[in-house]
There are 2 protein chains.
Amino acid sequence: MTDAFEGKELDLVQNISVDCVVFGFDLNALELNVLLIERKKNPDYEYEDFFALPGNLIRQSETFDQSAIRVLKELTSIQDIFLEQLMAFGNPNRTYLKENDRKWLQTIRPQPDERVVTIAYYSLINLEKYKPTASSFAKKAIWMPVKDVPELAFDHSQILNKAFEALKLKLRTEPVGFNLLPRKFTLGQLQSVYETILGIELDKRNFRRKMLNKDILIQLDEKQKGVAHKSPYLYKFDQAKYEALRDQKFDFSL
Amino acid sequence: MTDAFEGKELDLVQNISVDCVVFGFDLNALELNVLLIERKKNPDYEYEDFFALPGNLIRQSETFDQSAIRVLKELTSIQDIFLEQLMAFGNPNRTYLKENDRKWLQTIRPQPDERVVTIAYYSLINLEKYKPTASSFAKKAIWMPVKDVPELAFDHSQILNKAFEALKLKLRTEPVGFNLLPRKFTLGQLQSVYETILGIELDKRNFRRKMLNKDILIQLDEKQKGVAHKSPYLYKFDQAKYEALRDQKFDFSL
DNA sequence: GCAAAAGTGTTCCGGCTACACCCATGA
DNA sequence: TCATGGGTGTAGCCGGAACACTTTTGC
């Protein structure tokens, strides 16, 4: 899958693709980031919009889930993550609207004028653990703060928006914030995740009590070192306990 | 669109379809129903599974939303309803698994062996207002209690399950129960909707208070007549007030 | 008159909110 | 020593849950 003309392969479905919205959280800048690829420059024309979500055509024999995993790996080298379907996007003109998009498709697809519908996936991962490296038709694969993301290729800005809304909803109803953090994290870091993504301020004491009462965090015998303040305890998410509780309790909302 | 071989039309996308899960509520039987079509019998073979969700290929120039509206109308005559995208289903073998499905596709599609992915839609409507009448390749279009639905064509049983889960979630988080009822309804009827779909019993006084406190119901100067008990007030849903409140309040859960 | 659903209040409890100070650490 | 975030307790309030009887109507 390193040939930019992989689209020539016979087993690709020429009008159905997957696109991946992969979120990560930058603990230094306290910012939500998203994984983007930069298109390879083509000498024939100038781009206005360099960036796109990682995505490509599906194969005939794949499920959507398999396609998403494969495509993400091919373009960014990121693998072994959980991707969830967001929704399908299929406006008839979604790949024709911008001149740049059309030209770009001509360089990577045998049938560049086909109407392509896409199944969008999203995922929450630990940004520090997964370092993207580009390949295939991606020139670069980078983390970019969501608030700095420019207009993207095709309808990818719209897809990103939908994914962000889905993330906010999910964060309010299920304990998914952990997925954006390292395995060991402090309660302050977790609170930052919630505050940053939801765009709200939370009371430290209330947040702490609520989280600990959910009984899905394990306090470790370990503290964060090297910070210019009282060293906080590290916690980890108790997956097993969560799954056990999930069925009886209904509400994990913040 | 009344020809069973509409698939011959050039502007249909041969590998992408929409399927509609339309829910209605039977106030007499107090049962959740779903709209199904019965396939036209073909003399060449026997069916084991007669029923399917209304669905068909999309057209080249349509959005998914437009396709869903058109297809539903073509097959069941039901129109002017709000359909929402559920998710995409695209297992590679979803149309091949059952012999009957393959044979049936051969009678209605020019490329019956194509891998077809489908975008599922769902909707909640007033069962009494919308009387389905079949056309196109549907022999019948009928309301059927969800609990009585047999194994459906293709992966439609799986789609129905997903839609039912989505309905339950939505019912818990947004005031959507009204859509399943006539414009004027009693609080008892509304409670039945919740109890039936969620499969739980609710306390009458608590339910009533909670609903009325949401401030999105208008009590009418009218009572239900002809019932063998104290005649209850009729209410209607206040769409405008709901929309005004929706943005400030977050939680409309039951 | 009887069956069937409508309609109505109160108490208890748990969770949410608001709020302020001292502590440990590295620079 | 100072700046920075860590860590802690309480009181008031609100909403949810549990709970029983009288009323109206058609048959």
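Convention: sequence-line order gives letters A, B, ...; per-chain numbering from 1. These figures come from a predicted structure and were not determined experimentally.
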> Closest nucleotide of DNA chain C for B/Arg209 versus for B/Gln189: which of these residues is on the 5' side?
Replying inline: B/Gln189

> Is the B/Phe185-B/Tyr235 ring centre distance short of 6.0 angstrom?
Replying inline: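 No: the rings miss the under 6.0 Å criterion.
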
> Does the ring center of B/Tyr122 lie less than 6.0 Å from the ring center of B/Phe23?
Replying inline: no

> Taking the inter-plane angle between the rings of A/Phe237 and A/Phe178 on a 0 to 90° scale, is it parallel (under 30°), tilted (30 to 60°) or perpendicular (over 60°)?
Replying inline: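 Taking A/Phe178 first and then A/Phe237, their aromatic rings lie parallel (interplane angle under 30°).
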
> Can you tell which of C/dA18, D/dA17, C/dC16 lies closest to the side chain of A/Lys210?
Replying inline: C/dC16

> If you check every side-chain atom of B/Arg208, which of D/dG7, C/dA18, C/dA6 has the closest atom?
Replying inline: C/dA6

>> Any N or O donor-acceptor pair under 3.5 Å from the base of C/dA20 to the side chain of A/Arg205?
In response: yes

Taking [atom1] from [X] and [atom2] from [N], how many angstroms apart are they, rounded to a whole number?
X: A/Asn213; N: D/dG9; atom1: CG; atom2: P; answer: 13 Å
X: A/Met211; N: C/dG15; atom1: CE; atom2: P; answer: 15 Å
X: B/Gln219; N: C/dG7; atom1: CD; atom2: P; answer: 8 Å
X: A/Asn206; N: D/dG12; atom1: CG; atom2: P; answer: 16 Å
X: B/Gln191; N: C/dA6; atom1: CD; atom2: P; answer: 8 Å
X: A/Phe207; N: C/dC19; atom1: CZ; atom2: C1'; answer: 18 Å
X: B/Asp203; N: C/dT11; atom1: CG; atom2: C1'; answer: 14 Å
X: B/Glu201; N: D/dA17; atom1: CD; atom2: C1'; answer: 15 Å

> Charged N to carboxylate O under 4.0 angstrom, B/Lys168 versus B/Glu165?
Replying inline: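 Answer for the salt bridge query: yes.
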
> So is B/Arg39 actually on top of B/Phe154's ring, under 6.0 Å and inside 45° of the axis?
Replying inline: yes

> So, is B/Lys204 near the phosphate of D/dA20, with a side-chain N or O under 4.0 Å from OP1 or OP2?
Replying inline: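 It does not, given that no N or O in the side chain of B/Lys204 lies less than 4.0 Å from OP1 or OP2 of D/dA20.
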
Please round to the nearest 0.5 Å and tell me the distance separating atom [atom1] of [X] and atom [atom2] of [Y].
X: A/Leu171; Y: A/Thr173; atom1: CG; atom2: OG1; result: 8.0 Å
X: B/Ile37; Y: B/Asp19; atom1: CD1; atom2: CG; result: 8.5 Å
X: A/Leu187; Y: A/Arg208; atom1: CG; atom2: CZ; result: 4.5 Å

> Of the residues in residues 24-32 of chain A, which ones touch DNA chain C at a heavy-atom distance under 4.0 Å?
Replying inline: none

> Taking A/Asn213 for the side chain and A/Lys210 for the main chain, is one N or O donor matched with an acceptor at less than 3.5 Å?
Replying inline: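 Flag not set: sc A/Asn213 to bb A/Lys210 has no pair under 3.5 Å.
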
>> Each nucleotide in nucleotides 22-27 of chain D should get exactly one letter: B, S or -. Can you fill that in based on protein heavy atoms under 4.0 Å?
In response: -BBBS-

